[in-house]
Amino acid sequence: MASNAAVPFWRAAGMTYITYSNICANLVRNCLKDPYKTEVLSREKVHFSISKWADGKPQKPIVRSDNPEA
């Protein structure tokens, strides 16, 4: 049974909460003035590693970044 309850606008726009919060965080970061802006932008970079598994053992990890420059 469908409900007519209020839906958050980010859900109505087809976004997840994580996507919505990332957009808001980027807007806030871009509104900051130096030196705070450069400090915050340096902290937003994320690096992670991915390991594929074969025969029950992890293969060599691949380091990934969300920073397009890296």
Side-chain angles (χ1 to χ4, degrees):
M1 176 192 270
S3 173
N4 290 334
V7 176
F9 67 91
W10 50 266
R11 178 68 68 197
M15 288 190 262
T16 63
Y17 182 75
I18 298 296
T19 304
Y20 165 71
S21 64
N22 284 336
I23 290 169
C24 292
N26 284 332
L27 289 171
V28 170
R29 286 185 205 109
N30 289 330
C31 290
L32 293 173
K33 294 181 180 179
D34 282 324
Y36 305 111
K37 186 174 185 176
T38 55
E39 180 183 335
V40 170
L41 289 176
S42 68
R43 283 187 284 166
E44 92 174 308
K45 296 179 180 120
V46 176
H47 303 283
F48 57 96
S49 65
I50 299 173
S51 296
K52 294 193 177 191
W53 287 68
D55 299 322
K57 297 181 183 176
Q59 303 299 310
K60 182 178 177 183
I62 302 168
V63 177
R64 302 287 304 259
S65 174
D66 70 343
N67 187 3
E69 300 161 1

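Under a hydrophobic-cluster definition in which Ile, Leu, Val, Met, Phe, Trp and Tyr are linked whenever side-chain heavy atoms come within less than 4.5 Å, directly or via other members, L27 and L41 are assigned to different clusters.
A salt bridge (charged side-chain N to carboxylate O under 4.0 Å, His left out) check over residues 46-58, counting only residues at least two apart or in different chains, returns nothing. The salt bridge (charged side-chain N to carboxylate O under 4.0 Å, His left out) contacts involving residues 15-29 comprise R29-E44, where partners must be two or more places apart or lie in separate chains.
Remark: Y17 pairs with W10, Y20, S21 by the side chain to side chain contact (heavy atoms under 4.5 Å, CB included) rule, at least two apart or across chains. Take R11 and apply the side chain to side chain contact (heavy atoms under 4.5 Å, CB included) test, not counting sequence neighbours, and it matches V7, P8. Taking I50 as the reference, F48, R64 meet the side chain to side chain contact (heavy atoms under 4.5 Å, CB included) condition, with sequence neighbours excluded. Checked against side chain to side chain contact (heavy atoms under 4.5 Å, CB included), I18 has the following partners two or more places apart in sequence or in another chain: T16, N22.
The heavy-atom pair separating Q59 from A54 by the smallest distance is NE2-CB, 3.3 Å. What you find for M15 and I23 is that their closest heavy atoms are SD-CD1, 3.8 Å.
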